[in-house]
J.: 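One structure coming up, written as structure tokens, with questions to follow.
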Amino acid sequence: MPELPEVESLTHFLRERAVGRTVLGVDVVAIQALKTFDPPVTALGGLTITAVARHGKFLDLDCDGLHLVIHLARAGWLRWRDDLSGAKPVRPGKSPLAVRVRLAPDEEGLAPGFELTEAGTQKRLAVYVTKNPDEVPGIAALGPDPLDESFTVEALKRIVGGNRIQIKGLLRDQKIVAGIGNAYSDEVLHAAKMSPFKIAATLTDAQIADLHEAIVTTLQEAVERAHGLAAKDLKAEKKSGLRVHNRAGQPCDVCGDTIREVSFADSSLQYCPTCQTGGKPLADRRLSRLLK
């Protein structure tokens, strides 16, 4: 799933390549991906992309005041094409293509653009056309952005205080903190040397400060690694930079212990027992607490 660092990099990527270009048209192949009908998607034709922004995991292309907002969900991705002039129409069906955005030709006659694709059978990729991004339900409900200056230790302390959910779930909740998903919550908790099952409200002031440092540093480093990469290279970079997520059975780069996994119905988490749980393995998915 694309998370804050990848979406931030895609934002920079599109700023460099799409801003200033005119939208020729937006072809919606997977009709379920389009979540709005007024204004119609055809209204984007002829408008110029003036800015690209990020809201949590949402991409926001400002087209002369009309916004094309994109959420890549779990299995979606953005593929840039230097020339779409010869692209064949795609009919709804088994193709992973969901949306194609065609831009005006450049001086060399190439008509660039990008395609939104989604693998798998669970189609959750979402596209909105709106005059105000804050009207998109997912954006309106977002918590603070962890890379914003307002996300201080004190701000995190207010978020954590009195919250009785596990810290892993808190970090993944977009209404509490925007942009962090399954992968980077694993990475943050490993950096903070904290059990994913620790109850948020039990954190001490020192642990909150350590967690804040881990959140900001982990995300900033991931953004820096991804900066300047082409969209097609972001997935590989993300995978290479992860220390615990999706590395079950491999040695921890910090202590050498074997990275372990807890599986759930539709996801899993990875952690290092020595670094995060005092050497004790976490309970199975039915118990969801430390073995003692």
J.: Quick check for you: to the nearest 0.5 Å, what is the distance between I167 atom CD1 and R172 atom CZ?
T.: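 Spacing of CD1 (I167) from CZ (R172) equals 13.5 Å.
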J.: With a 4.5 Å heavy-atom cut-off, do V127 and V28 have their side chains touching?
T.: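 Sidechains of V28 and V127: no contact.
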J.: Before you tell me yes or no, could you show the steps for K168 and N182 under side-chain contact (heavy atoms from CB on, under 4.5 Å), namely the whole-Å CA-CA distance, both residues' side-chain angles and the distance that decides it to 0.1 Å?
T.: CA-CA 8 Å; K168 167 80 174 179; N182 196 33; 2.7 Å; yes
J.: Are side-chain N/O atoms of S263 and E261 paired as donor and acceptor at under 3.5 Å?
T.: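 Yes, E261 and S263 have a side-chain donor paired with an acceptor closer than 3.5 Å.
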J.: Any Lys/Arg nitrogen of D205 or K157 sitting under 4.0 Å from an Asp/Glu carboxylate oxygen of the other?
T.: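 Yes, charged N to carboxylate O under 4.0 Å.
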J.: Are L72 and V101 linked, directly or through intermediate hydrophobic residues, by side-chain heavy-atom contacts shorter than 4.5 Å (ILVMFWY only)?
T.: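 Same hydrophobic cluster.
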J.: Does the T36 side chain pair with the main chain of V129, one donor and one acceptor, at a distance under 3.5 Å?
T.: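 Yes; judged by distance alone, with no hydrogens or angles, the pair exists.
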J.: Cluster question for you: counting only ILVMFWY and a side-chain heavy-atom cut-off of under 4.5 Å, with indirect links fine, are L116 and L84 together?
T.: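 Looking at the clustering, L84 is in a separate group from L116.
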J.: Taking the side chain from E3 and the backbone from G181, do they hold a donor-acceptor pair closer than 3.5 Å?
T.: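 Yes, the answer is positive, given that a donor and an acceptor are paired below the 3.5 Å cut-off.
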J.: Under 6.0 Å from the ring centre and within 45 degrees of the ring axis: does the NZ or CZ of R17 meet both conditions for the six-membered ring of F13?
T.: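 R17 over F13 ring: yes.
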J.: How far apart are the C-alpha atoms of D145 and H55, what are their side-chain angles, what is the distance that settles it, and do they pass the side-chain contact (heavy atoms from CB on, under 4.5 Å) test?
T.: CA-CA 8 Å; D145 192 294; H55 313 282; over 6 Å; no
J.: Could you go step by step and tell me if Y184 and I215 meet the side-chain contact (heavy atoms from CB on, under 4.5 Å) rule?
T.: CA-CA 9 Å; Y184 285 106; I215 291 171; over 6 Å; no
J.: Between H212 and F151, what is the ring plane arrangement, given parallel below 30°, perpendicular above 60°, and tilted in between?
T.: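 Parallel, since the angle between the ring planes stays under 30°.
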J.: With a 4.0 Å cut-off, would you call R102 and D27 a salt bridge?
T.: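 So R102 pairs with D27 through a salt bridge.
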J.: Hey, is CZ on R243 packed in by over 12 heavy atoms from elsewhere, all under 6.0 Å?
T.: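 Atom CZ in R243 is not packed in, count stays at 12 or less.
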J.: Does S240 use its side chain to pair, donor to acceptor, with the backbone of E237 at less than 3.5 Å?
T.: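 Between the backbone of E237 and the side chain of S240 there is a qualifying donor-acceptor contact (under 3.5 Å).
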J.: How far does CG of D62 sit from CG of L68, to the nearest 0.5 angstrom?
T.: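 Output value for this atom pair is 10.5 Å.
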J.: If I compare all heavy atoms of D60 with all of V69, which pair ends up nearest, and what's the gap?
T.: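 For D60 versus V69, the nearest heavy atoms are OD1-CG2, 4.0 Å.
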J.: So, does R81 use its side chain to make a donor-acceptor pair with the main chain of S85 at under 3.5 Å?
T.: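 Checking the backbone N and O of S85 against the side chain of R81, no donor-acceptor pair under 3.5 Å is found.
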J.: Are I180 and F197 connected in a single hydrophobic cluster, I mean Ile/Leu/Val/Met/Phe/Trp/Tyr linked by side-chain heavy atoms less than 4.5 Å apart?
T.: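 No; I180 is not reachable from F197 via cluster members.
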J.: Under 3.5 Å, is there a donor on one side chain and an acceptor on the other for Q270 and S268?
T.: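 Yes, a side-chain donor-acceptor pair sits under 3.5 Å.
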J.: Any Lys/Arg nitrogen of R79 or E115 sitting under 4.0 Å from an Asp/Glu carboxylate oxygen of the other?
T.: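 No, no charged N to carboxylate O under 4.0 Å.
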J.: To check you understand the geometry: which heavy-atom pair defines the closest contact between P273 and T258, and what is its length?
T.: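 Minimum heavy-atom separation between P273 and T258: CD-O, 3.4 Å.
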J.: Would you call E6 and K235 a salt bridge, taking side-chain N to carboxylate O under 4.0 Å as the test?
T.: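 Answer for the salt bridge query: no.
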J.: Does atom CD of Q122 have more than 12 heavy-atom neighbours from other groups under 6.0 Å away?
T.: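 Result for CD/Q122: open.
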J.: Any idea which heavy atoms bring S185 and L171 closest together, and the distance?
T.: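 In terms of heavy atoms, the two residues are closest at CB-CB, 4.1 Å.
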J.: Looking at every non-hydrogen atom in both residues, tell me the closest pair between V19 and T50 and how far apart they are.
T.: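 For V19 versus T50, the nearest heavy atoms are CG1-O, 3.7 Å.
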J.: Can you tell me if H12 and E16 form a side-chain donor-acceptor pair at under 3.5 Å?
T.: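 Judged by distance alone, the side chains do not pair up.
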J.: Decide whether L24 and L34 are clustered together by the hydrophobic rule: side chain heavy atoms of Ile, Leu, Val, Met, Phe, Trp, Tyr closer than 4.5 Å, transitively.
T.: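 No, L24 does not connect to L34 through the hydrophobic network.
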J.: Search all heavy atoms of V244 against all heavy atoms of E187 and return the closest pair with its distance.
T.: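 Taking V244 first and E187 second, the nearest heavy atoms are N-OE2, 2.9 Å.
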J.: Quick one: do M194 and V262 end up in the same hydrophobic cluster if we chain Ile, Leu, Val, Met, Phe, Trp and Tyr together by side-chain heavy atoms under 4.5 Å apart?
T.: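 No, because M194 and V262 fall into different hydrophobic clusters, even though each may have its own neighbours under 4.5 Å.
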J.: Do side-chain atoms of D257 reach the backbone of T274 as a donor and acceptor pair under 3.5 angstrom?
T.: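 Pair found, side chain donor or acceptor close to backbone of T274.
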J.: Please lay out, stage by stage, how V136 and F58 fare under the test side-chain contact (heavy atoms from CB on, under 4.5 Å).
T.: CA-CA 10 Å; V136 175; F58 290 82; 4.0 Å; yes
J.: Roughly how far apart are S9 OG and L234 CG, rounded to 0.5 Å?
T.: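 Between atom OG of S9 and atom CG of L234 there are 4.0 Å.
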J.: Atom CD1 in I208, atom CD in E154: separation rounded to 0.5 Å?
T.: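 Reported value, rounded in 0.5 Å steps: 8.5 Å.
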J.: For T217 and A214, indicate whether the former's side chain and the latter's backbone hold a donor-acceptor pair under 3.5 Å.
T.: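 No: the side chain of T217 does not pair with the backbone of A214.
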J.: To the nearest 0.5 angstrom, please state how far the CD atom of E8 sits from the CG atom of L147.
T.: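 Between E8 CD and L147 CG, I get 6.5 Å after rounding to 0.5 Å.
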J.: For the pair T130 and N132, evaluate side chain to side chain donor-acceptor pair (under 3.5 Å) and give the outcome as yes or no after the intermediate values.
T.: CA-CA 5 Å; T130 178; N132 182 0; over 6 Å; no
J.: When you measure from the side chain of Y271 to the backbone of H245, do you find a donor-acceptor pair of N or O atoms at a distance under 3.5 Å?
T.: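 Not confirmed, Y271 side chain does not pair with H245 backbone.
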J.: Atom CG of L61 and atom CD1 of I70: how far apart are they, to the nearest 0.5 Å?
T.: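 Atom-to-atom, L61:CG and I70:CD1 are 5.5 Å apart.
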J.: Tell me if a side-chain donor or acceptor on K123 pairs with a main-chain N or O of E118 at a distance below 3.5 Å.
T.: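 Yes, because the side chain of K123 sits within donor-acceptor range (under 3.5 Å) of the backbone of E118.
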J.: Between the side chains of S150 and D148, is a donor N or O closer than 3.5 angstrom to an acceptor N or O?
T.: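 Side-chain D/A pair, S150 to D148: present.
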J.: Might you point out which heavy atoms bring R54 and T11 nearest each other, and give the distance in Å?
T.: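 Distance-wise, the nearest heavy atoms are CB-OG1, 3.6 Å.
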